[in-house]
> 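Handing you this structure, nothing more for now.
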Amino acid sequence: MATTNGKKQKQGRDTAVQGTNDSSVVSKVSAAAQGYFQDAFLQHFVCKVARRAPLINRGYYVRWRAVDHCVKRFLQVTENCPKRQILSLGAGFDSLYFRLHTEAALDRAVLFEVDFPDVARRKATLISGNTTLSGKLDSNPFSVTGPVYVSSSQYCLLGVDVREASQVEEALGEAGMDWAAPTLLLSEVVLTYMETQWSDAVISWAAQLLPQSLFVMYEQIRPHDPFGRIMQDHFLKLNSTLHALRQYPNTAAQIRRFLDKGWEQCVCLDMNDFYMDLNEEERRTVESLEPFDEYEEWHQKCSHYFILTASRGTLTKQALLTQPPVVSIISSLSPVLLSARILPEEVGVEGLGMASTCMGPGQVLLTGGSSRGGRGAPPRLLLRGQAGWRCAHVESSSDWSVRLYHTVTFLPGGDAILYGGRSSPLNPIRSLLKVTVELCGPPDSVGSEDQGIVKLSVKEMACTGDTPQPRWRHSATMVSHSDKDFLFIFGGRNEVEPVLGDGHFLSVDQQHWTEILIEGAPPEARLSQSACPYQGGVVMFGGLGREGVPLGDTVLLRPTKRGFHWDRLEVQPPPIPRYSHCAHVIGDRLVLVGGVWLHSECVPGVAFIHLTTGTSVELTLDTTSVPWPLLLHSFCSELTDPDEPVVLLIGGGGNCFSFGTHLNRQPVTVDLTSALGLNDLRFSDTDSASLVQT
């Protein structure tokens with residue numbers, strides 16, 4: 001009985017894995033239909049074309065582009081060989097043969113595909129019943145008995161379980177595989193669905209039988225960070241466990257794997273590296289195909305997939321990917337990484353793209369954003385009383401339109417200014433609002449169901465002067481000039497310009513956009529940077545630059561007698577570039593929280609930059625006390641009391657590629673008291689920043 005149950009479970013898992021083929025080909029068809037790549041044959045393998053989200057289209061584009069690059073390189077370096085072969089493992093409904101045949105790229109080449117018998121049989125039926133596809137084959141190449149379901153001079157489709165090495169070898173031999181000929185092996189998210197012993201055996205088997213070969217693999221990595229946990233959970237729900245992640249969690253482990261299994265050379269890079277190595281013109285073309293504003297999710301998706309090439313023989317090593325530049329994250333950190341502890345607050349507030357500001361000690365105003373309930377969330381006020389934090393009921397004098405990635409800034413007089421944002425990547429918000437909060441009762445009673453309320457008075461500001469371009473993902477900071485207060489707007493993006501680098505001053509009292517002299521070289525254009533008030537001016541860090549790469553510079557806008565001056569603070573060690581983070585100034589230290597960075601095996605925690613000495617240190621956050629993955633991007637962070645170095649992290653999350661949307665469920669607090677109590681930024685291994693529940 002146990003054997004029967006085990007067989008049924010195995011069959012169920014195999015069926016689930018086969019189902020990933022159907023989902024994948026629909027996504028590839030969607031990307032091709034939007035112009036990300038040219039493939040007229042994919043559509044013949046789906047019943048109905050469905051348009052995917054831009055993020056998924058981009059993800060399948062970069063996958064297609066990486067594999068296509070490797071295939072073309074192999075065909076290029078073997079163009080003078082009398083015979084060459086491509087062996088696609090777990091090929092599914094891939095259309096590679098038909099595309100290469102149409103491009104006349106298969107001269108003296110044969111393409112073999114191997115997949116489960118059921119998948120191969122279905123594919124053979126689709127090909128034989130479609131004149132466009134069957135017209136690319138020799139006459140009468142089809143068989144109904146298998147394991148060779150299609151056999152033509154340049155294309156063979158075999159129905160064999162890839163895990164059964166002896167059966168695969170026998171079937172390929174009967175189909176005409178030449179073991180001595182230069183061979184390209186393709187594996188796109190195939191081996192990871194097998195138990196590691198089987199996938200390792202496939203890699204070893206290929207190395208032993210094919211002395212002149214190039215192995216190309218595209219799979220997932222980095223399972224342990226928040227995005228990786230969400231990714232794993234998704235495939236677990238599909239009954240398609242990603243087995244390879246346990247033993248081979250990163251690119252270095254994958255390289256060691258192939259070298260240990262008999263391959264002579266190996267290059268492995270994540271998809272951020274691959275994409276940024278494409279020429280600028282191609283990237284600009286891709287980025288112009290659809291409105292797009294999911295940078296965080298794009299970079300995280302690319303950091304969790306890799307493309308690998310491994311070679312045997314002197315010929316195929318020429319087709320290896322270009323070795324990525326060595327980026328040592330650890331060398332740019334303090335030798336000691338400090339741990340922190342997180343405890344969730346008992347307040348259910350979620351959302352991404354929100355804006356926040358402290359309206360007073362223990363009072364945090366939240367505006368806009370998107371949550372499970374949709375976009376256009378009403379404003380909320382978090383209040384801290386003796387019993388802790390709670391979300392108060394709010395009555396507003398105005399209906400709130402959909403607004404994401406905007407700013408809300410506290411004014412010295414007690415009001416707040418709401419600026420910028422968007423409803424969609426094609427629709428920026430042009431109105432500028434002034435918000436007044438009125439608490440009707442003591443903090444422990446205001447906003448409860450039966451006692452007191454919070455009233456918001458919202459007025460649209462009719463400002464004069466030269467109005468800036470509409471924008472979102474910008475920064476907005478209060479500065480002082482000639483004893484007057486100004487709102488300083490910098491950077492961001494809009495529906496026309498992908499990145500902005502201009503700055504503007506709004507006179508709060510006069511409601512007038514004012515020209516103020518700024519000397520010095522302006523910083524690079526950017527979006528999703530942090531900016532904090534500092535000594536009457538601004539300290540700004542990071543952001544996403546025009547080239548789509550995170551920035552790591554610390555920029556100061558210093559007041560002068562005539563206006564302001566741009567300065568740059570040289571920081572050692574250089575902080576790791578990031579964007580979509582939050583920041584606070586505590587004394588003479590800039591505290592960076594969360595965000596997105598590239599080229600790292602960990603995710604941003606907390607960084608300290610000493611603004612007078614120019615030193616820095618990175619701290620990791622121990623999130624084990626949080627029962628769900630904590631995604632610290634597109635979130636809000638507030639210092640809730642000027643006398644307590646405790647930051648409240650609110651909201652955050654995003655659409656995690658095709659794995660679903662994840663939103664942080666509750667706020668968390670980060671207590672930085674112990675770290676800030678040190679005399680300098682050279683911490684010992686016993687020092688820590690702790691996160692505690694208030």
Side-chain angles (χ1 to χ4, degrees), residues 355-360 365 406-421 430-436 459-492 500-527 529-543 553-569 582-591 609 611-612 638-639 642:
S356 68
T357 190
C358 275
M359 302 300 292
L365 175 65
H406 56 294
T407 54
V408 56
T409 310
F410 182 70
L411 302 177
D415 298 330
I417 287 185
L418 204 71
Y419 178 79
R430 300 177 185 276
S431 61
L432 195 154
L433 306 178
K434 179 178 285 189
V435 181
T436 303
K459 296 182 180 179
E460 185 167 350
M461 299 175 64
C463 299
T464 58
D466 189 6
T467 303
Q469 299 180 68
R471 66 193 65 210
W472 65 89
R473 290 183 175 268
H474 57 281
S475 59
T477 319
M478 293 305 300
V479 299
S480 299
H481 174 63
S482 299
D483 297 325
K484 295 182 179 180
D485 297 318
F486 295 87
L487 182 71
F488 177 65
I489 305 295
F490 185 83
L500 298 170
D502 52 340
H504 302 269
F505 295 91
L506 175 66
S507 172
V508 176
D509 293 337
Q510 299 177 1
Q511 297 189 21
H512 180 75
W513 291 102
T514 305
E515 292 285 341
I516 299 178
L517 176 67
I518 303 181
E519 300 175 296
E524 180 179 341
R526 65 194 68 204
L527 55 86
Q529 71 274 12
S530 64
C532 302
Y534 180 62
Q535 296 182 349
V538 177
V539 55
M540 186 167 63
F541 181 86
D553 53 347
T554 304
V555 183
L556 298 169
L557 183 70
R558 299 185 186 274
T560 66
K561 291 183 179 180
R562 300 197 301 170
F564 293 89
H565 192 281
W566 286 116
D567 289 322
R568 285 160 179 76
L569 179 66
C582 293
H584 308 280
V585 171
I586 304 178
D588 53 7
R589 296 176 189 181
L590 178 65
V591 182
I609 298 175
L611 296 175
T612 56
E638 293 295 333
L639 278 169

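Note that the structure is a prediction, hence the values are computed from the model and not measured. The first residue in the sequence is number 1, and the count goes up from there.
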> Would you check if L365 and V435 make a side-chain contact, meaning some heavy-atom pair closer than 4.5 Å?
yes
> Looking at every non-hydrogen atom in both residues, tell me the closest pair between V538 and A531 and how far apart they are.
CG1-CB, 3.8 Å
> Which heavy atom in P533 sits nearest to a heavy atom in T477, and how many Å separate them?
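The answer is N-CG2, 3.3 Å.
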> Is there a side-chain contact between V479 and P559 in this structure, where contact means two heavy atoms from C-beta onward sitting under 4.5 Å apart?
no
> Looking only at the side chains, is there a donor atom on one of S431 and E460 sitting less than 3.5 Å from an acceptor on the other?
no
> If you measure from OG on S507 to CD1 on I516, what distance do you get to the nearest 0.5 Å?
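Going from the OG atom of S507 to the CD1 atom of I516 covers 8.0 Å.
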> Which atom names give the shortest non-hydrogen contact between M359 and A416, and what distance separates them?
SD-CB, 4.0 Å
> Name the orientation class of the two ring planes belonging to F486 and F505 (parallel below 30°, tilted from 30 to 60°, perpendicular beyond 60°).
perpendicular
> Strictly distance-based, threshold 3.5 Å: is any side-chain N or O of T357 a donor or acceptor partner for the main-chain N or O of F410?
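Yes, T357 side chain to F410 backbone: donor-acceptor pair under 3.5 Å.
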> How far apart are the C-alpha atoms of L418 and H406, what are their side-chain angles, what is the distance that settles it, and do they pass the side-chain contact (heavy atoms from CB on, under 4.5 Å) test?
CA-CA 7 Å; L418 204 71; H406 56 294; 3.5 Å; yes
> In sequence, state the C-alpha distance, the side-chain angles, and the governing distance for F541 and D553, and then conclude on side-chain contact (heavy atoms from CB on, under 4.5 Å).
CA-CA 6 Å; F541 181 86; D553 53 347; 5.8 Å; no
> In the structure I gave you, are the side-chain heavy atoms of S480 and D485 within less than 4.5 Å of one another anywhere?
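Answer yes - side chains close enough.
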> Taking the side chain as everything from C-beta on, heavy atoms only, tell me whether L411 gets closer than 4.5 Å to I417.
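SC-SC contact between L411 and I417 confirmed.
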> Side chains of L487 and M478, heavy atoms from C-beta outward: is any pair under 4.5 Å?
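Yes, at least one pair of side-chain atoms sits under 4.5 Å.
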> Measure the spacing between CD of Q511 and NZ of K434 and express it to the nearest 0.5 Å.
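Those atoms lie 5.5 Å apart.
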> Between R526 (side chain) and G542 (backbone), is there a donor-acceptor pair under 3.5 Å?
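Judged by distance alone, yes, a pair lies under 3.5 Å.
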> Could you check V555 against F490 for side-chain contact (heavy atoms from CB on, under 4.5 Å), going step by step and ending with a plain yes or no?
CA-CA 12 Å; V555 183; F490 185 83; over 6 Å; no
> Can you name the residues that form a side-chain contact (heavy atoms from CB on, under 4.5 Å) with L639, not counting sequence neighbours?
H584, I586, V647
> What heavy-atom pair brings T407 and A476 nearest, and what distance separates the two atoms?
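Heavy-atom minimum between the residues: OG1-CB, 3.4 Å.
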> Atom CD of E519 and atom NE2 of H565: how far apart are they, to the nearest 0.5 Å?
5.5 Å
> Please tell me if the side chains of I489 and L506 come closer than 4.5 Å, counting only heavy atoms from C-beta onward.
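They are not in side-chain contact.
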> Before giving the answer on side-chain contact (heavy atoms from CB on, under 4.5 Å), spell out for M540 and W566 the whole-Å C-alpha distance, their side-chain angles and the decisive distance to 0.1 Å.
CA-CA 11 Å; M540 186 167 63; W566 286 116; 4.2 Å; yes
> Nearest heavy-atom pair of W513 and D466: which atoms, and what distance?
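So the two residues come closest at CB-O, 3.6 Å.
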> Which atom pair, heavy atoms only, marks the closest approach of H512 to T514?
O-OG1, 3.1 Å
> Looking at side-chain heavy atoms only, is the closest gap between L569 and I609 below 4.5 Å?
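Side chain of L569 against side chain of I609, heavy atoms only: contact under 4.5 Å found.
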> Are Y419 and H474 an aromatic pair, judged by ring center distance below 6.0 Å?
yes
> How many angstroms lie between CD in Q535 and CG in L611, if you round to the nearest 0.5 Å?
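The CG atom of L611 is 8.0 Å from CD of Q535, to the nearest 0.5 Å.
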> Once side-chain contact (heavy atoms from CB on, under 4.5 Å) is applied, do any residues pair with D502, and if so which ones, sequence neighbours excluded?
Q469, R471, L500, H504
> Would you call R568 and P523 a side-chain contact if the rule is heavy atoms closer than 4.5 Å?
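Yes; the side chains approach each other to less than 4.5 Å.
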